[in-house]
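Before any comments, here is the structure.
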Amino acid sequence: MQEKPDNFTAVIFGASSDLAARKLYPSLYELADWGHLPLDYRILGVGRAALSHEEFRSQVQEKLLTFSLGTVLDEARLKAFCSRLFYVKLDFSDSEGYKDLYNELMAVTPDTGLCEHILFYLATPPDLAPVIVRNLDAGGLGGKKESCGGWRKIIVEKPYGRNLETARELNAVIGAVFSEDRIFRIDHYLGKEPVQNIMVFRFSNGIFEPLWTRNYIANVEITIAEDFGIRDRGAFYEKAGLLRDILQNHALQLLAAVAMEPPVDLSADSVRDEKDKVLRSIRPFTVDTAEESVVLGQYEGYRAEKNVAPDSTVETFAAVKFYIDNWRWKEVPFFVKAGKNLSETVTRIVITFKCPPQNYFGPAESCSYTANQVILSIQPEETIALRFGAKRPGEAVITDPVYMKFDYKTSFTEAGMTPYHRLLLDAIFGDQMNFIRQDSVEHSWAIVDAIREVVNGTQPELYPIHSHGPESAVRIYS
Ligand code: BG6
């Protein structure tokens, strides 16, 4: 990890985007307020709208007042923050326009000029990434041409490509302009406290890891459910679908964190090596096993959403059974279920252990009622629960499931950082551990491409809004 730099400019492409308004400006404001940003910092918004610096400042101020993450916005500090904001109008595909960006960067950083540390943030639709990166390079702003000690880095939002082929192309384009240690492929799930805690929970406690194998674990369930639909993202969803939007990144990253081997050390690459090995060990999907391994769904009413085709076959739900063909996990099913407009909003990982060899306290099949589970709740609850059987008070010996629970809220009083706080800081400090490496992006796409291929032509099954998803999703549990 690098030292805290003494100067820093964030260049935000997509300055008027929802992401910038909801996540980036509030996070940068708070990081500055908490003293985490270099003292000499600037934020340069880049967008298609014609705005003066002043207009941009008042727009951002308005967004901060709407979306600030519970921070009391002090007027003086807000003013100080806004005085660090600048704006440049740019048509992203017009290479000539990047001269203006170059000149503006020189103008707003008069002391440091291009010795400045610069973090480019692509808060733009994913298909614009290649043209922006090529033009940055042509405009003399590429990451490999730094001078006088200033670094240039780039944060790219997901989805990173739309399949293996386009991800490779994107990797080639970006890799020609920025070196891998300067490319930060963001998956905001990796900035969530309970997600970062998965590795700590597994490898800082001696009692769980010896049991964390096929010898003791019956199955693992990963759920990413939302009780709302695609909101106003019809155009995006029609191109992406749930497999690309959530499974390729968030779900596979959770799976890798649960299944990885202990890393050699805590360097970013050691940790990412182990996660990548999990992705490479996933059993290939075949047409023969497709029916029992993959169920796709679409919520009723999806086709009536804005910017959605009336005959769309895009999935808003997926239930997928994975097997990891390695020494630790062979034949342990990993059930992954993710969807929009389901009955609840929850992200949770349930590790269910095998039953004891002899069930003294009921019929053999009753064991699953009290089977031991480790339940890692990522959100909205941030808890870890251990489920076990206990004797119900009374004459008869009847076992009931009971829980031991750790809750972040009651065990810690420290104010938490949001994923964007954390990941922005990590990028500034050069810590890659919670960003996706090129090989893992490609391996995740290979998995999603294979899933898409085996279900090719299958219509997603309709499911009612606020239900548990398509009825046939139970198929994968057989
Ligand atoms: C985004 C997806 O990456 O993650 C959205 O594009 C999804 O579709 C969101 O709603 C979920 O993030 P979180 O942090 O709210 O669970």
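Each ligand, and each atom within it, is numbered from 1 in the order the structure gives. Worth knowing before you read on, the calculation uses all heavy atoms, side chains too, and leaves out hydrogens, waters and symmetry mates.
The CG atom of Leu423 sits 8.5 Å away from atom CG of Asp187, with the distance rounded to the nearest 0.5 Å.
Set against the non-hydrogen atoms of Lys192, the atoms of ligand 1 under 4.0 Å away are 13 (P), 14 (O), 16 (O). For ligand 1 and Lys340, the ligand atoms under 4.0 Å from any heavy atom of the residue are 5 (C), 7 (C), 8 (O), 10 (O). Atoms of ligand 1 lying under 4.0 Å from any heavy atom of His250, numbered from 1 in the order shown and given with element: 1 (C), 3 (O), 4 (O). Atoms of ligand 1 found under 4.0 Å from any heavy atom of Lys158 (numbered from 1 in listed order, with element): 1 (C), 2 (C), 3 (O), 6 (O). For ligand 1, the atoms sitting less than 4.0 Å from at least one non-hydrogen atom of Gln379 are 13 (P), 16 (O), numbered in the order shown with element in parentheses. Here is the list of ligand 1 atoms found below 4.0 Å of a heavy atom in Asp245: 2 (C), 5 (C), 6 (O), 8 (O).
Arg272 has no carboxylate O lying under 4.0 Å from a charged side-chain N of Asp276, or vice versa, which leaves the two without a salt bridge. Using a cut-off of 4.0 Å between Lys/Arg side-chain N and Asp/Glu carboxylate O, Lys340 and Glu305 are scored as not salt-bridged. Glu180 and Arg185 are joined by a salt bridge, as a carboxylate oxygen and a charged side-chain nitrogen come within less than 4.0 angstrom of each other.
Side chains of Tyr463 and Thr316: a donor-acceptor N/O pair is present below 3.5 angstrom, by distance only. Asp269 and Ser267 share no donor-acceptor pair across their side chains, judged by distance under 3.5 Å alone.
The nearest protein atom to atom 5 (C) of ligand 1, hydrogens excluded, is given as Arg233 NH2, 3.0 Å; this is a heavy-atom distance.
In this comparison of His188, Glu157, Lys23, Glu226, the heavy atom closest to atom 7 (C) of ligand 1 sits on Glu226.
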